[in-house]
Amino acid sequence: MVLNFQKDISLRTYNTFGIDVKSKKFIGIQSTDVLKAVLAENQGAQVLLLGGGSNLLLTKDFDGLTIRIENRGIEILKEDEYGARIKVAAGENWHDFVLWCLKKDFGGVENLALIPGSVGAAPIQNIGAYGVELSQVFESCEAMSRETGEIKTFNKTECEFGYRNSIFKNTLKEQYIITSVEFNLTKAPHQINTSYGGLSEKIESKSPSIQTVAQTVIEIRSAKLPDPRHIGNSGSFFKNPVLGSEQFAALQQQYPNLPHYPDQKGKVKIPAAWLIDYLGFKGYRKNDTGVHQNQALVLVNYGNASGAEIKKLAQQIKDKVLENFKIDLEFEVNIL
Ligand code: EPU
(Lines give C-alpha, C1' and ligand atoms only; values in the text may rest on other atoms or scores of the structure.)
Protein backbone atom coordinates (compact mmCIF):
# COMPACT_ATOMS: atom_id res chain seq x y z
CA MET A 1 0.00 0.00 0.00
CA VAL A 2 1.40 3.39 -0.98
CA LEU A 3 0.95 5.91 1.80
CA ASN A 4 1.00 9.53 0.71
CA PHE A 5 2.51 11.48 3.57
CA GLN A 6 2.80 15.23 3.14
CA LYS A 7 5.74 17.08 4.67
CA ASP A 8 5.87 20.34 6.65
CA ILE A 9 2.35 21.46 5.95
CA SER A 10 0.43 24.22 7.70
CA LEU A 11 -2.43 23.03 9.90
CA ARG A 12 -4.21 26.38 9.64
CA THR A 13 -7.18 25.12 7.66
CA TYR A 14 -7.45 21.98 9.78
CA ASN A 15 -8.22 23.68 13.12
CA THR A 16 -11.22 25.94 13.71
CA PHE A 17 -9.10 28.37 15.75
CA GLY A 18 -7.22 28.98 12.49
CA ILE A 19 -3.82 28.74 14.16
CA ASP A 20 -0.94 28.64 11.71
CA VAL A 21 1.46 25.96 12.92
CA LYS A 22 3.25 23.32 10.85
CA SER A 23 3.16 19.56 11.13
CA LYS A 24 6.29 17.67 10.11
CA LYS A 25 4.27 14.84 8.55
CA PHE A 26 0.59 14.72 7.61
CA ILE A 27 -1.82 12.21 6.14
CA GLY A 28 -5.57 12.23 5.51
CA ILE A 29 -7.19 8.82 6.06
CA GLN A 30 -10.16 7.59 4.03
CA SER A 31 -10.33 3.98 5.20
CA THR A 32 -9.60 1.85 8.22
CA ASP A 33 -7.19 -0.28 6.14
CA VAL A 34 -5.06 2.75 5.41
CA LEU A 35 -5.28 3.83 9.05
CA LYS A 36 -4.03 0.43 10.15
CA ALA A 37 -1.12 0.58 7.71
CA VAL A 38 -0.19 4.12 8.78
CA LEU A 39 -0.19 3.14 12.45
CA ALA A 40 1.90 0.03 11.75
CA GLU A 41 4.46 2.04 9.82
CA ASN A 42 4.68 4.74 12.48
CA GLN A 43 4.79 2.82 15.74
CA GLY A 44 6.38 4.93 18.44
CA ALA A 45 5.93 8.16 16.48
CA GLN A 46 4.30 11.16 18.11
CA VAL A 47 0.79 11.31 16.65
CA LEU A 48 -1.68 14.18 16.53
CA LEU A 49 -5.14 12.99 15.67
CA LEU A 50 -7.46 15.40 13.92
CA GLY A 51 -11.15 15.18 13.26
CA GLY A 52 -12.81 18.50 12.58
CA GLY A 53 -10.08 20.23 14.61
CA SER A 54 -12.77 22.06 16.54
CA ASN A 55 -11.75 21.38 20.10
CA LEU A 56 -8.07 22.01 19.88
CA LEU A 57 -5.63 24.84 20.53
CA LEU A 58 -2.30 24.38 18.77
CA THR A 59 0.47 26.36 20.43
CA LYS A 60 3.56 25.29 18.49
CA ASP A 61 4.81 23.46 15.42
CA PHE A 62 4.26 19.73 15.66
CA ASP A 63 7.28 17.53 15.12
CA GLY A 64 5.37 14.27 14.63
CA LEU A 65 2.70 12.80 12.38
CA THR A 66 -0.74 14.38 12.05
CA ILE A 67 -3.46 11.93 11.08
CA ARG A 68 -6.70 13.45 9.87
CA ILE A 69 -9.68 11.09 9.89
CA GLU A 70 -11.59 11.54 6.63
CA ASN A 71 -13.56 8.30 6.14
CA ARG A 72 -17.15 8.83 5.00
CA GLY A 73 -20.46 7.03 4.93
CA ILE A 74 -23.86 6.95 6.64
CA GLU A 75 -25.64 3.61 6.73
CA ILE A 76 -29.07 2.62 8.06
CA LEU A 77 -28.43 -0.69 9.84
CA LYS A 78 -32.03 -1.37 10.77
CA GLU A 79 -35.31 0.44 10.84
CA ASP A 80 -38.79 -0.28 12.16
CA GLU A 81 -41.86 1.85 12.91
CA TYR A 82 -40.31 3.26 16.10
CA GLY A 83 -36.80 4.12 15.09
CA ALA A 84 -33.57 3.41 13.29
CA ARG A 85 -30.03 2.34 14.05
CA ILE A 86 -27.54 4.36 12.03
CA LYS A 87 -23.83 3.76 11.54
CA VAL A 88 -21.76 6.81 10.67
CA ALA A 89 -18.11 6.96 9.64
CA ALA A 90 -15.94 9.01 12.01
CA GLY A 91 -14.87 11.44 9.29
CA GLU A 92 -18.38 12.68 8.55
CA ASN A 93 -19.08 16.27 9.59
CA TRP A 94 -21.33 16.34 12.67
CA HIS A 95 -23.71 19.05 11.47
CA ASP A 96 -24.06 17.43 8.03
CA PHE A 97 -25.09 14.25 9.83
CA VAL A 98 -27.70 16.21 11.82
CA LEU A 99 -29.05 17.67 8.55
CA TRP A 100 -29.23 14.18 7.06
CA CYS A 101 -31.28 13.01 10.08
CA LEU A 102 -33.66 15.97 9.75
CA LYS A 103 -34.24 15.15 6.10
CA LYS A 104 -35.02 11.53 6.96
CA ASP A 105 -37.11 12.69 9.95
CA PHE A 106 -34.97 10.69 12.38
CA GLY A 107 -35.12 12.32 15.83
CA GLY A 108 -32.65 12.64 18.69
CA VAL A 109 -29.87 14.89 17.46
CA GLU A 110 -31.87 18.03 16.53
CA ASN A 111 -30.74 19.91 19.68
CA LEU A 112 -27.15 19.23 18.68
CA ALA A 113 -27.39 21.09 15.36
CA LEU A 114 -24.45 23.28 14.31
CA ILE A 115 -21.95 21.85 16.79
CA PRO A 116 -18.68 22.02 14.91
CA GLY A 117 -16.49 18.96 14.50
CA SER A 118 -16.63 15.42 13.21
CA VAL A 119 -18.81 12.46 14.17
CA GLY A 120 -15.77 10.52 15.41
CA ALA A 121 -14.81 13.27 17.82
CA ALA A 122 -18.32 13.57 19.25
CA PRO A 123 -18.12 10.69 21.77
CA ILE A 124 -14.70 11.72 23.06
CA GLN A 125 -16.08 14.73 24.86
CA ASN A 126 -19.72 13.61 24.82
CA ILE A 127 -20.83 16.73 22.95
CA GLY A 128 -23.92 18.41 24.27
CA ALA A 129 -26.14 21.44 23.90
CA TYR A 130 -29.65 22.65 24.74
CA GLY A 131 -30.45 19.91 27.22
CA VAL A 132 -29.24 16.97 25.12
CA GLU A 133 -26.00 15.00 25.20
CA LEU A 134 -24.59 12.63 22.63
CA SER A 135 -24.78 9.77 25.17
CA GLN A 136 -28.61 9.87 24.94
CA VAL A 137 -28.59 8.69 21.30
CA PHE A 138 -25.35 6.72 21.36
CA GLU A 139 -25.44 2.95 20.85
CA SER A 140 -21.75 2.08 20.36
CA CYS A 141 -18.59 3.05 18.54
CA GLU A 142 -15.78 1.22 16.82
CA ALA A 143 -12.25 2.28 17.57
CA MET A 144 -8.83 1.14 16.39
CA SER A 145 -6.10 0.45 18.90
CA ARG A 146 -3.16 2.70 18.11
CA GLU A 147 -0.81 -0.02 19.25
CA THR A 148 -2.19 -3.13 17.57
CA GLY A 149 -4.44 -1.80 14.80
CA GLU A 150 -7.27 -3.99 16.04
CA ILE A 151 -10.81 -2.67 16.03
CA LYS A 152 -12.82 -2.90 19.23
CA THR A 153 -16.48 -2.06 19.77
CA PHE A 154 -17.33 0.06 22.82
CA ASN A 155 -20.90 0.07 24.08
CA LYS A 156 -22.37 2.99 26.00
CA THR A 157 -21.44 1.74 29.46
CA GLU A 158 -17.87 1.08 28.39
CA CYS A 159 -17.55 4.67 27.16
CA GLU A 160 -18.08 5.99 30.72
CA PHE A 161 -19.76 9.17 29.52
CA GLY A 162 -19.91 12.21 31.79
CA TYR A 163 -20.30 15.95 31.31
CA ARG A 164 -18.03 16.69 28.31
CA ASN A 165 -16.19 13.54 29.25
CA SER A 166 -15.64 9.87 28.36
CA ILE A 167 -13.15 7.04 28.84
CA PHE A 168 -11.33 8.31 25.73
CA LYS A 169 -10.28 11.41 27.67
CA ASN A 170 -9.28 9.40 30.73
CA THR A 171 -7.96 5.84 31.08
CA LEU A 172 -7.93 5.27 27.31
CA LYS A 173 -6.54 8.70 26.41
CA GLU A 174 -4.59 8.52 23.14
CA GLN A 175 -4.95 4.75 22.92
CA TYR A 176 -7.80 4.40 20.45
CA ILE A 177 -8.95 6.10 17.27
CA ILE A 178 -12.71 6.14 16.80
CA THR A 179 -13.54 4.98 13.28
CA SER A 180 -17.37 4.89 13.35
CA VAL A 181 -20.30 5.58 15.66
CA GLU A 182 -23.74 3.93 15.89
CA PHE A 183 -26.81 5.91 16.95
CA ASN A 184 -30.34 5.00 17.98
CA LEU A 185 -32.72 7.54 16.55
CA THR A 186 -36.49 7.84 16.79
CA LYS A 187 -39.25 8.06 14.23
CA ALA A 188 -42.30 10.30 14.57
CA PRO A 189 -43.94 10.92 17.00
CA HIS A 190 -40.63 12.19 18.37
CA GLN A 191 -39.72 12.96 21.94
CA ILE A 192 -39.01 16.67 21.84
CA ASN A 193 -36.75 18.26 24.44
CA THR A 194 -37.12 22.01 24.77
CA SER A 195 -36.58 22.10 28.53
CA TYR A 196 -33.51 24.25 28.09
CA GLY A 197 -34.48 27.86 28.86
CA GLY A 198 -33.89 29.84 25.71
CA LEU A 199 -35.24 27.08 23.51
CA SER A 200 -38.79 26.73 24.84
CA GLU A 201 -39.16 30.52 24.97
CA LYS A 202 -38.30 30.81 21.29
CA ILE A 203 -40.60 28.06 20.06
CA GLU A 204 -44.28 28.95 19.85
CA SER A 205 -45.73 25.56 18.98
CA LYS A 206 -46.54 23.23 21.88
CA SER A 207 -45.53 20.22 19.81
CA PRO A 208 -42.83 21.42 17.43
CA SER A 209 -41.24 19.21 14.79
CA ILE A 210 -37.59 18.19 15.11
CA GLN A 211 -36.93 20.45 12.12
CA THR A 212 -38.33 23.44 14.03
CA VAL A 213 -36.26 22.58 17.10
CA ALA A 214 -33.10 22.33 15.00
CA GLN A 215 -33.89 25.58 13.19
CA THR A 216 -34.31 27.34 16.53
CA VAL A 217 -31.07 25.92 17.89
CA ILE A 218 -29.34 27.09 14.73
CA GLU A 219 -30.76 30.59 15.19
CA ILE A 220 -29.71 30.80 18.85
CA ARG A 221 -26.24 29.43 18.17
CA SER A 222 -25.67 31.67 15.15
CA ALA A 223 -26.63 34.74 17.18
CA LYS A 224 -24.36 33.89 20.11
CA LEU A 225 -21.46 31.89 18.80
CA PRO A 226 -18.97 33.10 16.20
CA ASP A 227 -18.80 31.12 12.94
CA PRO A 228 -15.30 29.61 12.79
CA ARG A 229 -15.22 30.23 9.03
CA HIS A 230 -15.14 33.96 9.81
CA ILE A 231 -13.67 34.22 13.32
CA GLY A 232 -11.42 31.45 14.59
CA ASN A 233 -12.69 29.77 17.76
CA SER A 234 -13.26 26.43 19.45
CA GLY A 235 -16.67 26.92 21.02
CA SER A 236 -16.68 26.94 24.80
CA PHE A 237 -13.09 27.22 25.94
CA PHE A 238 -13.87 26.29 29.56
CA LYS A 239 -16.17 23.73 31.16
CA ASN A 240 -18.98 24.93 33.37
CA PRO A 241 -17.90 24.28 36.96
CA VAL A 242 -19.92 21.95 39.16
CA LEU A 243 -19.99 23.00 42.81
CA GLY A 244 -20.90 21.26 46.04
CA SER A 245 -24.03 22.60 47.72
CA GLU A 246 -22.10 24.42 50.48
CA GLN A 247 -19.71 26.16 48.15
CA PHE A 248 -22.64 27.15 45.95
CA ALA A 249 -24.69 28.49 48.86
CA ALA A 250 -21.81 30.68 50.00
CA LEU A 251 -21.29 32.00 46.48
CA GLN A 252 -24.99 32.64 45.96
CA GLN A 253 -25.10 34.77 49.08
CA GLN A 254 -22.42 36.96 47.64
CA TYR A 255 -23.85 36.92 44.10
CA PRO A 256 -27.64 36.51 44.30
CA ASN A 257 -27.99 36.82 40.52
CA LEU A 258 -25.69 33.90 39.76
CA PRO A 259 -27.52 31.56 37.33
CA HIS A 260 -27.40 27.89 38.33
CA TYR A 261 -28.66 24.49 37.26
CA PRO A 262 -29.11 21.40 39.42
CA ASP A 263 -26.58 18.69 38.62
CA GLN A 264 -26.11 15.10 39.77
CA LYS A 265 -25.95 14.18 43.44
CA GLY A 266 -27.18 17.49 44.81
CA LYS A 267 -24.41 19.41 43.07
CA VAL A 268 -24.94 22.65 41.20
CA LYS A 269 -23.61 23.60 37.78
CA ILE A 270 -22.96 27.27 37.15
CA PRO A 271 -22.13 29.00 33.85
CA ALA A 272 -18.45 29.83 33.58
CA ALA A 273 -19.56 32.47 31.07
CA TRP A 274 -21.30 34.39 33.85
CA LEU A 275 -18.16 34.43 36.01
CA ILE A 276 -15.99 35.57 33.10
CA ASP A 277 -18.57 38.14 32.04
CA TYR A 278 -18.83 39.45 35.63
CA LEU A 279 -15.09 40.06 35.65
CA GLY A 280 -15.44 42.26 32.58
CA PHE A 281 -13.71 40.04 30.03
CA LYS A 282 -16.60 39.84 27.56
CA GLY A 283 -15.61 41.59 24.35
CA TYR A 284 -12.04 42.03 25.60
CA ARG A 285 -9.49 42.17 22.79
CA LYS A 286 -5.71 42.33 22.67
CA ASN A 287 -4.13 42.27 19.22
CA ASP A 288 -5.90 39.39 17.42
CA THR A 289 -6.86 37.51 20.58
CA GLY A 290 -10.07 38.08 22.48
CA VAL A 291 -13.19 37.01 24.32
CA HIS A 292 -16.25 36.91 22.07
CA GLN A 293 -18.62 39.83 22.54
CA ASN A 294 -21.77 37.67 22.67
CA GLN A 295 -20.53 34.68 24.69
CA ALA A 296 -17.86 35.08 27.36
CA LEU A 297 -17.01 31.37 27.28
CA VAL A 298 -15.65 31.59 23.75
CA LEU A 299 -12.11 32.77 23.03
CA VAL A 300 -11.46 33.98 19.51
CA ASN A 301 -8.71 34.49 16.96
CA TYR A 302 -9.50 37.60 14.89
CA GLY A 303 -6.87 36.68 12.31
CA ASN A 304 -3.26 36.14 13.19
CA ALA A 305 -3.28 35.27 16.88
CA SER A 306 -0.84 32.59 17.93
CA GLY A 307 -1.90 29.62 20.02
CA ALA A 308 0.44 30.81 22.76
CA GLU A 309 -1.34 34.20 22.92
CA ILE A 310 -4.73 32.52 23.24
CA LYS A 311 -3.40 30.17 25.89
CA LYS A 312 -2.04 33.17 27.79
CA LEU A 313 -5.44 34.85 27.75
CA ALA A 314 -7.11 31.61 28.87
CA GLN A 315 -4.67 31.36 31.78
CA GLN A 316 -5.25 35.00 32.69
CA ILE A 317 -9.02 34.36 32.84
CA LYS A 318 -8.50 31.16 34.84
CA ASP A 319 -6.32 33.01 37.37
CA LYS A 320 -8.78 35.88 37.78
CA VAL A 321 -11.74 33.54 38.27
CA LEU A 322 -9.78 31.60 40.89
CA GLU A 323 -8.77 34.79 42.66
CA ASN A 324 -12.30 36.24 42.71
CA PHE A 325 -14.58 33.24 43.04
CA LYS A 326 -12.23 30.55 44.41
CA ILE A 327 -13.24 28.38 41.45
CA ASP A 328 -10.59 26.65 39.38
CA LEU A 329 -11.97 26.55 35.82
CA GLU A 330 -11.09 23.57 33.65
CA PHE A 331 -10.21 23.96 30.00
CA GLU A 332 -12.70 22.24 27.72
CA VAL A 333 -10.41 22.62 24.72
CA ASN A 334 -7.36 20.38 24.35
CA ILE A 335 -4.14 22.37 24.32
CA LEU A 336 -1.19 21.02 22.40
N1 EPU B 1 -23.92 34.04 30.42
C2 EPU B 1 -23.35 35.24 30.81
N3 EPU B 1 -22.53 35.86 29.94
C4 EPU B 1 -22.27 35.39 28.70
C5 EPU B 1 -22.86 34.21 28.29
C6 EPU B 1 -23.69 33.54 29.17
O7 EPU B 1 -23.57 35.70 31.92
O8 EPU B 1 -21.49 36.02 27.99
C9 EPU B 1 -24.78 33.32 31.37
C10 EPU B 1 -26.23 33.58 31.14
O11 EPU B 1 -26.82 33.74 32.39
C12 EPU B 1 -26.75 32.31 30.50
C13 EPU B 1 -25.81 31.28 31.07
O14 EPU B 1 -24.56 31.94 31.23
O15 EPU B 1 -28.05 32.08 30.90
C16 EPU B 1 -25.64 30.09 30.15
O17 EPU B 1 -25.17 30.53 28.88
P18 EPU B 1 -25.42 29.67 27.54
O19 EPU B 1 -26.83 29.32 27.46
O20 EPU B 1 -24.81 30.39 26.41
O21 EPU B 1 -24.68 28.32 27.83
P22 EPU B 1 -23.24 27.98 28.43
O23 EPU B 1 -23.45 27.30 29.73
O24 EPU B 1 -22.35 29.16 28.44
C25 EPU B 1 -23.20 25.58 27.39
C26 EPU B 1 -22.26 24.75 26.58
C27 EPU B 1 -22.33 25.12 25.11
C28 EPU B 1 -23.74 24.91 24.63
C29 EPU B 1 -24.68 25.78 25.49
C30 EPU B 1 -26.13 25.57 25.15
C31 EPU B 1 -20.44 24.10 28.07
C32 EPU B 1 -19.02 24.33 28.44
N33 EPU B 1 -20.90 24.89 27.09
O34 EPU B 1 -22.72 26.92 27.35
O35 EPU B 1 -21.49 24.24 24.39
O36 EPU B 1 -23.88 25.25 23.27
O37 EPU B 1 -24.52 25.45 26.88
O38 EPU B 1 -26.55 24.33 25.61
O39 EPU B 1 -21.10 23.25 28.62
C40 EPU B 1 -19.30 23.95 23.52
O41 EPU B 1 -19.19 22.99 24.28
O42 EPU B 1 -18.36 24.28 22.73
C43 EPU B 1 -20.51 24.74 23.54
C44 EPU B 1 -20.66 25.83 22.81
Side-chain angles (χ1 to χ4, degrees), residues 15-17 51-57 94-95 98 109-118 121-136 161-166 169 193-202 213-214 216-228 231-243 251-252 255-264 267-285 290-300 314 317-318 321 324-325 327 329-335:
N15 71 99
T16 58
F17 252 125
S54 62
N55 201 39
L56 174 72
L57 179 64
W94 175 264
H95 181 63
V98 173
V109 289
E110 56 281 358
N111 294 45
L112 307 180
L114 218 59
I115 293 185
S118 64
I124 297 176
Q125 60 152 342
N126 186 20
I127 58 169
Y130 303 100
V132 174
E133 273 182 358
L134 172 105
S135 60
Q136 291 163 250
F161 289 123
Y163 167 57
R164 295 293 193 279
N165 211 352
S166 77
K169 283 180 88 172
N193 181 345
T194 54
S195 57
Y196 185 90
L199 205 50
S200 48
E201 284 156 29
K202 280 215 158 180
V213 173
T216 310
V217 167
I218 289 171
E219 279 163 26
I220 300 176
R221 286 188 76 100
S222 313
K224 263 204 243 185
L225 299 169
D227 182 341
I231 301 178
N233 76 91
S234 249
S236 301
F237 199 94
F238 302 93
K239 286 193 192 183
N240 285 330
V242 177
L243 308 182
L251 205 64
Q252 196 184 28
Y255 307 98
N257 295 331
L258 179 66
H260 54 280
Y261 315 97
D263 203 69
Q264 288 162 354
K267 296 193 166 195
V268 184
K269 193 186 273 179
I270 59 168
W274 190 91
L275 307 174
I276 298 167
D277 197 346
Y278 183 89
L279 295 174
F281 279 108
K282 193 162 161 175
Y284 169 89
R285 177 169 179 172
V291 177
H292 189 55
Q293 69 236 19
N294 298 334
Q295 213 326 347
L297 207 49
V298 178
L299 304 189
V300 292
I317 292 171
K318 190 172 150 82
V321 168
N324 277 267
F325 300 103
I327 292 174
L329 289 184
E330 260 180 74
F331 296 144
E332 204 228 272
V333 167
N334 299 308
I335 299 181

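Numbering of ligands and ligand atoms starts at 1, following listing order.
Asn240 places a side-chain N or O within donor-acceptor distance of the main-chain N or O of Ala272, the cut-off being under 3.5 Å. Side chain of Ser234 to backbone of Ser54: a donor-acceptor contact under 3.5 angstrom is found. With hydrogens and angles disregarded, a donor-acceptor distance shorter than 3.5 Å links the side chain of Lys318 to the backbone of Leu329. No donor-acceptor distance shorter than 3.5 angstrom exists from the side chain of Arg164 to the backbone of Phe238, with no hydrogens or angles considered. Glu201 places no side-chain N or O within donor-acceptor distance of the main-chain N or O of Gly198, the cut-off being under 3.5 Å. Although no hydrogens or angles enter the test, the distance criterion places a donor-acceptor pair under 3.5 Å between the side chain of Thr16 and the main chain of Asn233. Listed for the Asp277 side chain is no donor-acceptor partner under 3.5 Å among the backbone atoms of Lys282.
In the vicinity of Glu332, heavy-atom distances shorter than 4.0 Å reach the ligand 1 atoms 32 (C), 40 (C), 41 (O), 42 (O). In the vicinity of Phe238, heavy-atom distances shorter than 4.0 Å reach the ligand 1 atoms 32 (C). Proximity to Ala129 (heavy-atom distance under 4.0 Å) selects the following atoms of ligand 1: 36 (O), 38 (O). Counting the atoms of ligand 1 from 1 in the order shown, those under 4.0 Å from a heavy atom of Lys224 are 18 (P), 19 (O), 20 (O). Using a 4.0 Å cut-off to heavy atoms of Ala296, the atoms of ligand 1 that qualify are 4 (C), 8 (O). Residue-ligand proximity, Trp274 to ligand 1, at heavy-atom distances under 4.0 Å covers atoms 2 (C), 7 (O). Every atom of ligand 1 with a heavy atom of Gly235 under 4.0 Å away is listed here by number and element: 42 (O).
Here the heavy atom of the protein found nearest to atom 11 (O) of ligand 1 is Pro259 CG, 3.3 Å. Scanning the protein for heavy atoms near atom 31 (C) of ligand 1, the closest one is Tyr163 OH, 3.4 Å. When only non-hydrogen protein atoms are considered, atom 2 (C) of ligand 1 lies nearest to Asp277 OD2, 3.6 Å. For atom 1 (N) of ligand 1, the nearest protein heavy atom (residue, atom name, distance) is Ala273 CB, 3.8 Å. With hydrogens left out, the protein atom closest to atom 38 (O) of ligand 1 is Tyr130 N, 2.7 Å, a heavy atom. When hydrogens are left out, the protein atom nearest atom 42 (O) of ligand 1 is Ser236 N, 2.8 Å; that is the closest non-hydrogen contact. Nearest protein neighbour of atom 23 (O) of ligand 1, counting heavy atoms only, is Asn240 ND2, 2.8 Å. Shortest contact from atom 20 (O) of ligand 1 to any protein heavy atom: Gln295 NE2, 2.8 Å.
Distance check: Ile335 CD1 to Phe237 CZ gives 4.0 Å after rounding to the nearest 0.5 Å.
Between Tyr196 and ligand 1, at least one N/O pair is under 3.5 Å apart.
Residue Lys282 holds the heavy atom nearest to atom 8 (O) of ligand 1 of all those in Lys282, Glu330, His260.
Nearest heavy atoms, His260 versus Ile270: CB-CG2, 4.0 Å. Here the shortest heavy-atom pairing between Ser118 and Gly51 reads OG-CA, 3.6 Å. Nearest approach of Leu114 to His95, heavy atoms of both residues: N-ND1, 2.8 Å. Between Ala296 and Ala273, the closest heavy-atom pair is CB-O, 3.5 Å.
Using a 4.0 angstrom heavy-atom cutoff, Arg164 counts as in contact with ligand 1. For Tyr261, the closest heavy-atom approach to ligand 1 falls below 4.0 Å. Residue contacts with ligand 1: His292 is excluded, as none of its non-hydrogen atoms falls under 4.0 Å.
Residue Phe331 qualifies as enclosed at atom CZ: its count of foreign heavy atoms under 6.0 Å is above 12.
Of the heavy atoms in Tyr278, none comes closer than 4.0 Å to ligand 1. At a heavy-atom cutoff of 4.0 Å, ligand 1 is contacted by the side chain of Pro271 but not by its backbone.
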